[in-house]
Amino acid sequence: MVGVVATGIYIPEERMTGEEIANKSQLPVDVVTEKMGIKEKPIPGLEDHTAAMGIEAARQAFNKCDVEPAEIDLIIYIGEEHKEYPLWTAGIKMQEALGCHRAWAFDVALRCGTTIMALKVAKALMTTDSNIKTVLLAGGYRNGDFIDYENPRSRFMYNLSAGGGALILREGYDRNQLLETSIVTDGSFSEDVVVVGGGTKLPMSKEVLESNKYQLDVLDPDGMKRRLEEKSMKNFLSVIREALSDSGFTEEDIDYLAILHMKRSAHQYILDELGLHEDQTIYLDHYGHIGQIDQILSLQLAQEQNKLNEGDVVVLVSAGIGYAWGASVIRWG
């Protein structure tokens with residue numbers, strides 16, 4: 001049995017409003033605020049670096065429970081690869097900064113599906129290794145740095161924002177039980193959304209910077225849109241239903257859905273297909289999409305807003321470019 005002991009969230013103070021995004025992109029304000037569902041979103045301040053935001057979120061999680069940093073056996077960094085330094089293991093930095101001196105650490109990445117994937121990895125390690133009893137998942141996200149608001153091909157990513165999140169897991173903890181996880185990946189999307197410049201194919205140069213090839217772009221927008229329309233909603237529902245089934249539940253048992261930020265119509269479609277009401281989730285229109293932190297944010301907001309009760313079935317849902325879809329089930333309380 002693995003339980004969620006505590007969550008932690010760090011949100012930068014600075015904000016970009018939907019009106020500002022509309023002005024930068026030359027889109028109507030109501031398209032940004034209503035259709036895209038971005039009232040405002042946090043953006044990083046001068047000290048809001050990626051791993052640093054995860055460290056702050058982890059501190060918040062420790063402050064909310066009786067687990068001490070010295071009790072952590074393993075740290076899994078769940079933040080983005082876009083961080084303080086290009087080649088760097090952020091989890092080891094977290095180990096030192098937080099005083100988790102008994103722990104060992106590593107980084108994982110599945111874009112915005114990283115948290116769901118890390119929950120599956122953490123539970124598997126805790127189940128099979130008797131030396132791993134208490135695990136910290138933590139990381140930050142600021143991929144909004146890669147958005148060019150004048151590039152219409154990246155329009156669906158205008159919601160990318162910034163923040164940090166953390167989860168503390170403990171083996172044998174009899175509350176907030178982490179049940180099963182389902183993940184689907186589809187390599188036909190693997191090179192649809194990329195930062196073209198800065199890698200081994202096109203190393204960083206003056207020309208890369210001047211041509212904006214250091215920012216996120218969509219190489220086949222029409223093909224990607226067509227394939228996503230065929231597969232995305234189907235895969236969302238598939239991983240949710242599989243994770244529930246493997247946990248001994250059905251969609252009728254869902255009490256709360258901690259889902260990533262997406263355009264409002266897609267969000268509503270998922271709710272309708274699962275037979276859920278708006279009060280059984282939180283639409284993150286004042287946060288945008290903080291990547292893989294969305295599920296932790298939604299879970300913490302649900303706690304703060306008294307949306308979770310003893311015995312509730314909670315489903316965490318993610319999707320990440322690549323493309324990956326994932327869902328994890330938690331039996332709350």
Side-chain angles (χ1 to χ4, degrees), residues 4 7 9 50 53-54 57 76-83 90-91 106-125 135 137-144 146 156-157 159-167 169 178-195 216 218 224 227-228 231-244 246-247 257-263 266-267 270 281 284 287-299 314-330:
V4 178
T7 61
I9 285 291
T50 313
M53 291 189 287
I76 303 179
Y77 172 76
I78 58 171
E80 263 303 328
E81 291 177 291
H82 170 54
K83 51 187 183 291
F106 63 89
D107 297 3
V108 294
L110 191 61
R111 299 289 66 79
C112 301
T114 301
T115 295
I116 298 298
M117 179 265 284
L119 285 169
K120 188 176 183 70
V121 170
K123 183 179 178 182
L125 287 171
V135 178
L137 277 56
Y141 183 95
R142 50 176 292 172
N143 281 9
F146 291 106
F156 76 100
M157 295 182 283
N159 62 346
L160 298 190
S161 52
L167 290 163
L169 307 177
L178 175 61
L179 301 178
E180 300 306 317
T181 294
S182 173
I183 297 173
V184 169
T185 59
D186 188 333
S188 68
F189 297 91
S190 64
E191 292 184 295
D192 280 328
V193 184
V194 296
V195 176
L216 278 163
V218 182
M224 179 181 170
R227 280 176 279 118
L228 273 179
K231 298 180 178 182
S232 188
M233 293 298 105
K234 175 183 176 182
N235 285 342
F236 269 121
L237 295 170
S238 175
V239 293
I240 291 169
R241 288 166 175 156
E242 182 172 277
L244 283 165
D246 290 347
S247 302
L257 191 72
I259 191 168
L260 71 155
H261 181 272
M262 59 180 76
K263 65 181 182 179
H267 176 89
I270 296 295
T281 189
L284 302 173
Y287 297 91
H289 181 38
I290 316 179
Q292 53 268 43
I293 308 303
D294 281 7
Q295 294 78 39
I296 307 173
L297 172 62
S298 184
L299 187 62
V314 178
V315 181
L316 281 56
V317 189
S318 70
I321 57 175
Y323 236 87
W325 295 262
S328 293
V329 178
I330 297 173

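All residue numbers refer to positions in the sequence shown, counting from 1.
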For Ile9 and Gly165 the tightest heavy-atom approach is CD1-CA, 4.0 Å
**Asked** Do Val329 and Val314 come within less than 4.5 Å of each other through their side chains, counting heavy atoms only?
**Response** no
OG of Ser232 to CE of Met262, rounded to nearest 0.5 Å, is 7.0 Å
- Under 3.5 Å, is there a donor-acceptor pair between the side chain of Glu80 and the main chain of Asn143? no
- Item | Short N-O contact, Asp186 and Arg227, less than 4.0 angstrom | no
One should read off an interatomic distance between Lys231 NZ and Ser188 OG, to the nearest 0.5 angstrom, of 3.5 Å
Exercise. Please tell me if the side chains of Met157 and Val218 come closer than 4.5 Å, counting only heavy atoms from C-beta onward.
Key: yes
Check: Is there a donor-acceptor pair closer than 3.5 Å between any side-chain N or O of Lys263 and the backbone N or O of Phe156?
Finding: no
Please tell me if the side chains of Ile116 and Val239 come closer than 4.5 Å, counting only heavy atoms from C-beta onward.
no
Nearest heavy-atom contact between Ile78 and Gly139 is CG1-N, 3.7 Å
Step by step, work out the side chain to side chain contact (heavy atoms under 4.5 Å, CB included) result for Ile290 and Leu297.
CA-CA 9 Å; Ile290 316 179; Leu297 172 62; 4.0 Å; yes
### Query
Counting only N and O atoms by type, is there a donor-acceptor contact under 3.5 Å from the side chain of Ser247 to the main-chain atoms of Ala243?
yes
**Request:** Evaluate side chain to side chain contact (heavy atoms under 4.5 Å, CB included) for Thr185 paired with Ile183, printing each intermediate quantity in order.
**Result:** CA-CA 7 Å; Thr185 59; Ile183 297 173; 4.3 Å; yes
Nearest heavy-atom contact between Phe189 and Tyr323 is CB-N, 3.6 Å
Here the pair of heavy atoms bringing Gly54 nearest to Ala138 is O-CB, 3.9 Å
Subject >> Any side-chain heavy-atom pair of Phe106 and Ile76 under 4.5 Å >> reply: yes
> Is the shortest heavy-atom distance from the side chain of Leu228 to the side chain of Asp192 under 4.5 Å?
Replying inline: no
| task | Would you please test Ile293 and Tyr287 for side chain to side chain contact (heavy atoms under 4.5 Å, CB included) and show each step? | result | CA-CA 11 Å; Ile293 308 303; Tyr287 297 91; over 6 Å; no
Exactly one candidate in Leu284, Leu260, Ile259 meets side chain to side chain contact (heavy atoms under 4.5 Å, CB included) with His267; the answer is Ile259
Val315 and Ala327 have their tightest heavy-atom pair at CG1-CB, 4.2 Å
field: Backbone of Ala90 reached by a side-chain donor or acceptor of Lys83 within 3.5 Å
entry: no
Handout entry: Side-chain donor/acceptor of Thr7 to backbone N/O of Ile296, under 3.5 Å
Key = no
Check your understanding: Does the side chain of Leu125 come within less than 4.5 Å of Val135's, by heavy atoms?
Key -> no
For Trp325 and Ala319, the nearest pair of non-hydrogen atoms, with its separation, is CD1-CB, 3.9 Å
Original post:
Does the side chain of Leu119 come within less than 4.5 Å of Leu167's, by heavy atoms?
Top reply: yes
### Message
Between Lys120 and Glu180, does any side-chain N to carboxylate O distance fall below 4.0 Å?
### Response
no
Side chain to side chain contact (heavy atoms under 4.5 Å, CB included) between Ser328 and Gln295, worked out: CA-CA 10 Å; Ser328 293; Gln295 294 78 39; over 6 Å; no
Measure up the Tyr141 and His289 rings against each other and bin them: parallel (under 30°), tilted (30 to 60°), perpendicular (over 60°). tilted
